Amino acid sequence: MSRTQPITEANNTITTDIDVATTEGIVTLLRRCDAEIFDGWEGHKGLFHKETLDKLSKLAVLASDIIQDTSGSCIVLSGCGTSGRLAFITARSFNEQLKKSGKESIYDYLIAGGDKALFTSQEAPEDDPHIGVKMLCESCEGKKKVLYIGITCGLSAPFVAGQLDYCLQHLDKFTPVLLGFNPTYLARNLPVENWNKTFLQVVKELEAAEHAGKGFILNPVVGPEPITGSSRMKSGSATKIILEAIFTAAHSSTFNPEVPWDIETHFRSYQAIYNSVYLHTESIGKLVAIAGDSLQNGGSIFYIGCDTLGLMGMTDASECPPTYGATLDDVRGFVAGGYHFLQNKEGDLSSNGKYFRISISDFESDILSSLTDQDLVICLNTANSLQSLAGLKESRCKRVMLTFTELPDEHLREFDFVLSLRLPISDAIMEPWRQFHLEIATKWVLNAVTTGAHVLKGKVFQNIMVDLKVSNNKLFHRAVGIIEGLGKTSKELARMFLLRSIYHTEHLTPDQLEAPIAQHIKVASAQNRIVPVALVAAILNSSIENASHLLDSKPVIRMAILQALRSQETNLL
Ligand code: F1P
């Protein structure tokens with residue numbers, strides 16, 4: 001029987017007990033889940049499927065044609081949230097490579113909400129197909145040929161749907177590509193506000209274009225996420241691996257045609273990195289314990305990185321507020337060189353406030369002197385450059401180094417814990433592919449750190465992120481699903497509990513009831529604990545006020561939910 005729930009929104013049975021696992025146990029479960037990126041899931045077409053490999057090879061040829069004749073051509077990568085951040089990181093890396101070969105930049109990125117969304121989640125634009133189209137048109141003005149890749153892990157983002165639809169209407173100029181991780185029939189079929197199509201309808205049109213040789217759908221299945229719906233994890237990793245496979249092959253055939261390069265070998269090299277990273281499961285577990293300790297005691301986690309590993313840190317940090325209802329202070333990332341290094345389109349955004357101050361010198365001036373012994377600084381392969389960060393040695397914070405090289409003893413002594421990963425990266429592997437391997441290894445470790453630390457903080461019940469921010473349409477529906485499932489209510493009642501929590505009322509007004517979802521999201525985005533309150537109220541069938549009191553008395557959300565479930569059980573007896 002075919003399923004109705006998107007695979008990217010399904011529970012992964014491997015991690016059902018992640019909330020009661022030991023720290024090493026958490027990492028072991030993540031390792032087993034990540035294995036599905038390469039091994040596939042329940043017989044679905046996966047990364048190594050011939051169809052996937054064939055399509056990627058064709059795309060590499062298309063990309064190579066554009067690189068060789070840049071006049072009037074470009075490659076646009078686009079997405080929301082993590083998908084947009086990965087679009088940015090990929091475009092940046094491959095433009096850098098072109099620059100080194102004396103070529104002009106041809107890659108552009110689009111992220112819903114603009115560059116601010118590189119560090120903070122920007123809600124409304126993710127759900128707006130018209131904004132997506134406007135940004136795409138601006139980016140491609142004057143171009144004659146555009147290879148467009150729209151990334152939406154869940155096959156769901158209206159921002160991307162609008163762009164794909166626009167490309168489909170202008171196939172003389174655009175080759176549209178959809179990258180996501182569900183079978184096409186599970187693409188979102190819910191109405192998009194202020195638009196006349198669903199995502200599924202756009203996918204059907206793209207399928208027709210693909211049959212005519214004018215588009216591509218790349219949708220290997222990598223299995224459900226370890227934390228339900230957390231597409232930053234496996235889907236994000238697979239996005240990175242796939243994009244790098246296409247453009248590495250394209251650059252290789254353009255600049256080093258004598259060196260044979262094939263997509264499958266490329267994937268296997270990432271699988272080897274995966275295997276090596278998780279050989280260190282015990283040590284990563286120790287790091288998770290340190291990070292969990294910090295968050296549980298009110299401390300913060302800071303990532304300090306020098307090159308693109310700093311970008312991995314910033315990306316991981318930016319995902320914590322929407323996923324775990326974390327504050328923007330809980331996890332932050334800094335990169336040497338700040339905006340100068342980033343080379344983002346909108347330039348220096350630091351005037352937008354402290355969360356947009358992203359360089360290591362900003363860290364030194366804004367944060368270093370106020371660090372406490374509860375705070376944790378994780379340095380990302382930065383031993384040499386840390387000489388300049390003298391203040392860190394004197395600070396009371398906990399210091400951890402993630403390194404991929406042997407460190408001299410005098411460096412080792414400066415850290416409370418060193419996670420030293422040995423990766424199978426031989427000298428034969430050319431720069432900058434070596435860097436991609438370091439990036440994915442860093443991503444796996446940091447995803448484990450923040451996922452594990454938030455699990456330890458009680459932000460996850462079973463494997464469900466119960467304190468997510470209701471900050472886009474997909475997350476609104478996910479929240480309703482969580483309340484429906486754990487609260488054992490109907491969808492309609494679950495939605496009522498959610499709305500009552502959003503508007504802090506026991507009696508919704510007709511205006512509130514009839515407001516579009518975008519309006520609910522606007523009100524919800526600015527608040528904390530919306531879903532936990534609604535969920536506890538649904539489990540207990542209580543008022544919103546009572547549920548809020550219970551959560552005040554039991555601030556660890558997992559414990560509050562457990563208590564609510566237990567008292568519901570005793571009432572039923
Ligand atoms: C886009 C996204 C995610 C984010 C959150 C909200 O998802 O912004 O990156 O973590 O889940 O949605 P998608 O369009 O790639 O499915």
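Counting starts at 1 for both ligands and their atoms, in listed order. Note that the structure is a prediction, hence the values are computed from the model and not measured.
Closest heavy-atom contact between P321 and L328: CG-CD2, 3.8 Å.
Between R232 and ligand 1, a contact under 3.5 Å exists for no N or O pair. Note: no N/O pair closer than 3.5 Å links S231 and ligand 1 by distance alone. Annotation: T323 places no N or O atom under 3.5 Å from an N or O atom of ligand 1; distance criterion only. Backbone and side-chain nitrogen or oxygen atoms of L155 are examined, and none is located within less than 3.5 angstrom of a nitrogen or oxygen of ligand 1.
Judged by distance alone, with hydrogens and angles left aside, the side-chain atoms of Y109 form a donor-acceptor pair with the main-chain N or O of K345 at under 3.5 Å. With hydrogens and angles disregarded, no donor-acceptor distance shorter than 3.5 Å links the side chain of R188 to the backbone of A157. Panel note: side chain R232, backbone C320; no donor-acceptor pair is recorded below 3.5 Å. Formation of a donor-acceptor pair under 3.5 Å by the E346 side chain with backbone atoms of D115 is found in this model. No donor-acceptor pair under 3.5 Å is formed between the side chain of T52 and the backbone N or O of F48.
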Worked verdict on Y274 versus Y278 for ring pair (Phe, Tyr, Trp, His ring centres under 6.0 Å)
CA-CA 6 Å; Y274 155 83; Y278 283 109; 5.2 Å; yes

Kindly determine whether F334 and Y303 satisfy ring pair (Phe, Tyr, Trp, His ring centres under 6.0 Å), including the steps that lead there.
CA-CA 6 Å; F334 296 87; Y303 297 129; 9.9 Å; no

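Nearest non-hydrogen protein atom to atom 1 (C) of ligand 1 is C80 O, 3.4 Å. Shortest contact from atom 12 (O) of ligand 1 to any protein heavy atom: K474 NZ, 3.1 Å. For atom 14 (O) of ligand 1, the nearest non-hydrogen atom of the protein is T152 OG1, 2.7 Å.
At a 4.0 Å cut-off, not a single heavy atom of G79 sits close enough to ligand 1 to count as contact. Within the 4.0 Å heavy-atom cutoff, E319 does not count among the residues contacting ligand 1.
Under the 3.5 Å distance criterion, with hydrogens and angles disregarded, a donor-acceptor pair is assigned to the side chains of T184 and E207.
No close placement of the Y166 and Y148 rings is indicated, their centers lying 6.0 Å or farther apart. The aromatic ring centroids of Y107 and F247 lie less than 6.0 Å from each other.
Close contacts between ligand 1 and A157 involve ligand atoms 14 (O) [criterion: under 4.0 Å to a heavy atom]. For ligand 1, the atoms lying closer than 4.0 Å to a non-hydrogen atom of G154 are 16 (O). For ligand 1, the atoms sitting less than 4.0 Å from at least one non-hydrogen atom of G81 are 8 (O), 9 (O), numbered in the order shown with element in parentheses. Close approach of ligand 1 to S83 is summarised as follows: ligand atoms under 4.0 Å from at least one heavy atom of the residue are 15 (O).
For atom 4 (C) of ligand 1, the nearest protein heavy atom lies 4.0 Å away or farther.
Here N472 has side-chain heavy atoms under 4.0 Å from ligand 1, and that is the only part of it that gets that close.
With E126, R188, K469 as candidates, the residue nearest to atom 8 (O) of ligand 1 on a non-hydrogen basis is E126. Looking at L468, L475, T82, it is T82 that brings a heavy atom closest to atom 10 (O) of ligand 1.
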